[in-house]
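Nothing fancy with the numbering, it's 1 onward along the sequence. Hydrogens, waters and symmetry mates play no part in the numbers below; they use all other heavy atoms, side chains included. Just so it is clear, the model here is predicted, and its values are computed rather than measured.
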Amino acid sequence: MAMMKASLLLAFFLLFAGTLARHQQQGQQWQQQNQCQINRINALEPFDRVQAEAGVTEYWEPENQQFQCAGVEFIRHRIQPGGLLLPSYVNTRSCPSPKKVVLFYFLLCKSLRAHLVARLSLRRLNFLSVSNCQECKGVLGVVLPGCPETYESSSQQQQQQQFSDPSQQRGQRIQDRHQKVQNLYQGDVAAIPAGAAHWIYNDGNTELVVVVFFDTQNNANQLDANRRRFYLAGNPQAQSQQQQGQWQPMRQQQQGQSHRNAGNIFNGFDVEFLQEAFNVDRETAEKLQGQRDQRGHIVRVQQGLQIIRPPQSRQEQEQEQRGYGNGVDETICSLKLKENIDNPSHVDFANPQAGRISNLNNFKFPILRHLQLSAARGELHRNAIQSPQYMLNAHNLVYVTHGSLRVQIVNNQGESVFNDQLRRGQVVVIPQNFAVIKRANEEGARWISFRTNDNAITENLSGRVSAIRSLPVDVVANAYQVSREDAQKLKYNQRQTALFSPSSSRGQEDMLIDSEYLENSLYMYRDHNECQIPRINPLEPNEMIQAQGGYSEFFDSNDQQFQCAGVEVARHHVQPKGLFLPSYTNAAILIYVEQGCGIQGVMLPGCPETYEVSQQVGGFQDRHQRLYNFRKGDIIAIPAGAAHWMYNDGQEELIVVKFYLAGNPQQRQQQSPFGMKGQSQEGAGNIFQGFDVETLSEAFNVDRETAEHLRCQMDQRGHIIMVERGLQVVRPPMGFQGQEGGRNGIDETICSLKIRENIDASRADFYNPQAGSCTHLNSLKFPILGLLQLGAQRGVLHRNAIMGPFWMMNAHNIIFVTHGNMRMQIVNNEGQAVFDGQIKERQLVVVPQNFAVVKQAGEQGCRWISFRTNDNAMINTLAGKMSAMRALPVDVITNAYQMSREDAQKLKYSREEAVLFSPGSMSFGGWPAKA
């Protein structure tokens, strides 16, 4: 019974923490925004260092464009034997006081996302057994607020047995109690919650090297976008400022000095307050301030650190590295904070001839679910290759711990932004969705990488489980203008999964290097938009891109309405037999099929090729991932980073409206399409153009000519091409499409998740025969919307009928008129009408969250599709039988609006319709226009 209660309590905490973190993310406001518009990526080395008595800390430049793009920072501590990194904490909402540095228990309940510490030894990087870890070990202490001091010495004898340094057992009579400490071994990854004070001690015989990854855009950080460290001891500020400029290059001395301004928080309090708060004498209180301390932030412990640690047998050490999996014993205070990533049991991909990859995500290390971070350990043997790939949902910081890599990184324009060596001790940031390929040099390579998502997903571009494998052969043949034989080679020649053994005919010299380096431009933030919109106007497309098989229209993404909502909209016209080429983007997408029908392919990483032909058709066999038939009225949901393509197999022009969620309202960024083929795809380039031919040839295990086709440098057909003979793909008869998906959630695994729903055929949520209908599509009806955090609505108003007034409680609302026209009024928080006019067919308007709106159809009636930036968008009506006015007491209305009780009753009850009101005496256009 007690165990059941503990399980329920833990489950409630995890649910509460996750829910609260999500709402906090929606509520957090950043002053500036990252656009990740990077033209050149460089391998980075420390730009500054601060020497202390027992070690040194090296800093990478936080203002570098790569770090600004990912919202991260990176440092490295080198701690000598017997060195103690003084207690400190980083950005949080806590209010330091003399009695307790971290006061608030909500740091663990609201958001734990902060930073990861990977404990590494650059001297020995092989997988170590417990017996040979004695020369490279340490102690980590993390102060969790509100947790008891479970390590204590109850007598002199026990104390002598439990001191970490047996040579220091001198029979002291001082007893001690403190919170749990963690033993550190090579390969450990430790997670530290935001605002939790922590310290590290090197009790080994060799230098301890620790690299630290900070997520400066964590939900718990509401201070600013920069990492700030708060020390609880010493005088680190004086020591670091004395060294300023001694090591740092002159051009950088004016930048990134915040790390030198970290001071002892007790120094800001009066001595008398400290004396009284701690109930100590003045001399002791002055020592808290450390004003005369010149040792710096890493101090030497002369006689060894005396702490309480239970002795560990070999079995206990192995159990600590394995951890516990049932979750019951992991309460707040005993939450597991470290996991050894070098442990062979964590290996996810292994190839004896190529190397191995170990991922550490929230399934293996549960605290990462709250931090929303993860890590990976990689190893490549001599000249081995890791498949070209991209991260669907995370930025990726790579730090090389041994050897060196040849790395190519390609942006959404198909340009190589990095093509160089990454050596031991260097760092590079690979932005989300940027494609990358790695090859080890002669000595091989090992690295640790940090991801800004607790379950980071990788999409391989070649290999046995890859995006190319999931495409139908005929899509590959037409996209890259190759024969079906060569298309099959591209799909099936590379039979290894993610790590490719080196070719005997080619070595590292095939990875070419650009000789020119571009100076990193200063990172430019997008000004944070607080939706202070003085005037809203109906929008029409302002740009068109023509292609062989159709054209695309784009609405101005820089318009203030789109900036407010963090969205973008495009409209694509695809001719019969037109193929919209495969691409992916950093934004979640909803597609509304306005006209026509066709086939949709979505490449979900790791999913099997479930569509196959059992007999040869035309001399060829084919296997690919599931396809979806779509028709007019369908809503298609595409997760961010998932590559997708579309084909018009109907007899009329296919028209679709594409809605992009370019970032949550606090982290808006422009959506960037990444083409996998062709030229000028929605302003994007072919990512394969950024890789050299030799690398592609080896990665796909095809000849040079076929690899050249992947780059498509001579292809002038554009992003929509014509397939004159028709596309030959494997798909079930149309009658089977009605069986797609399920409602019980059991059969909806990742790979079989339903991605389309027909909103035109769905049962209306609001219906009035004299007024019209409204159909909502939310995560309850269409579960994948819960992952995208998007929703949709289909609206119909008959002639002169009215909808509203109402406001959206938790979402922006983007309205696109598909038929007729309507008159709208939109009112902001100041009571001003920011829009009062007509919106016509094929025009679009954005209604910001909480802005009140009312609609009236014109003489022809009106139909529209609207997209919402929440998967369960809620409206609050101001009139009707389900309105806010109905919820008010009559007397509140009487006094609020200075009217009689009779009039107040009329105001409440005179409208019996719910949301859609049949037309009255006021005809369309009857509202007076406001200046």
Main chain of [Y], side chain of [X]: is a donor-acceptor contact present, judged purely on distance under 3.5 Å?
X      : Y      : answer
Gln561 : Val846 : yes
His644 : Ala642 : yes
Ser552 : His572 : no
Gln563 : Ser557 : yes
Tyr390 : Gly641 : yes
Asn433 : Met391 : yes
Asn810 : Met874 : yes
Glu912 : Lys881 : no
Asn778 : Lys781 : yes
Thr869 : His812 : yes

Is the closest side-chain donor-acceptor distance between [X] and [Y] under 3.5 Å?
X      : Y      : value
Glu913 : Ser918 : yes
Trp645 : Gln600 : no
Gln432 : Asn586 : no
Ser866 : Gln793 : yes
Asp871 : Gln789 : no

(request) With Lys855 as the cation and Phe835 as the aromatic partner, state whether NZ or CZ is under 6.0 Å from the six-membered ring centre and within 45° of the axis. (result) no

(request) Flag this pair as yes if the NZ/CZ of Arg911 is under 6.0 angstrom from the six-membered ring centre of Phe917 and inside a 45 degree cone about the axis; otherwise no. (result) yes

(message) What's the separation between atom CG in Leu844 and atom CD1 in Ile839, rounded to the nearest 0.5 Å?
(response) 6.5 Å

(message) Could you measure the distance from the SG atom of Cys862 to the NE2 atom of His798? Nearest 0.5 Å is fine.
(response) 12.0 Å

(message) Under the side-chain contact (heavy atoms from CB on, under 4.5 Å) test against Tyr592, which residue among Val656, Ile636, Ile759, Ile655 passes?
(response) Ile759

(request) Take Glu540 and Lys840, measure what salt bridge (Lys or Arg N to Asp or Glu O under 4.0 Å) needs, and give me the verdict at the end. (result) CA-CA 10 Å; Glu540 296 181 356; Lys840 302 175 182 178; over 6 Å; no

(request) Answer yes when Glu568 and Lys658 have at least one side-chain N-carboxylate O distance shorter than 4.0 Å, and no when they do not. (result) no

(message) Would you say that Met803 contacts Cys774 through its side chain, given a criterion of any heavy-atom pair below 4.5 Å between the two side chains?
(response) yes

(message) Quick check on salt bridge (Lys or Arg N to Asp or Glu O under 4.0 Å): which of Arg794, Lys754, Arg756 does Asp634 satisfy it with?
(response) Arg756

(request) Would you please indicate if the ring centroids of Phe816 and Phe659 are separated by under 6.0 Å? (result) no

(request) Applying side-chain hydrogen bond (donor to acceptor under 3.5 Å, both in side chains), run through Gln825 and Asp836 and close with a yes or a no. (result) CA-CA 4 Å; Gln825 285 186 338; Asp836 185 356; 3.1 Å; yes

